[in-house]
Chemist: 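First the structure, which I've put down as structure tokens, then a few questions once you've had a look.
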Amino acid sequence: MIVLIGPVLFILLILFAIRQQKRGLAGWKAALLVVAGSGVIVVLSFGLPIVGFRNFG
């Protein structure tokens, strides 16, 4: 179940950026949103399990 969170968040991020661009946001700002959001998604997807499993072993 947790494996699906990253792709779902990425799809929602793309849809949010498209919606913001249709509302008048510049293309480079929408791209910056996607890049920053992708970084956050990567940190959440890999960082939380690393912190959670740190004490095992």
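The structure displayed is predicted, hence computed values, not measured ones.
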Chemist: Got a sec, which hydrophobics cluster with Val35, joining ILVMFWY side chains under 4.5 Å apart, including via others?
Modeler: none
Chemist: Do you know which two heavy atoms are closest between Gly27 and Gln21, and how far apart they sit?
Modeler: CA-NE2, 3.6 Å
Chemist: Linking I/L/V/M/F/W/Y whenever any side-chain heavy atoms sit under 4.5 Å apart, do Ile5 and Leu12 land together?
Modeler: no
Chemist: Side-chain heavy atoms nearer than 4.5 Å, only ILVMFWY residues, links allowed to pass through others: does that put Val34 and Ile18 together?
Modeler: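 Both belong to a single hydrophobic cluster.
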Chemist: Could you measure the distance from the CD1 atom of Ile41 to the CG atom of Leu13? Nearest 0.5 Å is fine.
Modeler: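 These two atoms lie 5.0 Å from each other.
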Chemist: Going by the rule side-chain contact (heavy atoms from CB on, under 4.5 Å), which residues pair with Leu33 if we only count those two or more places apart in sequence or in a different chain?
Modeler: Phe16, Leu25
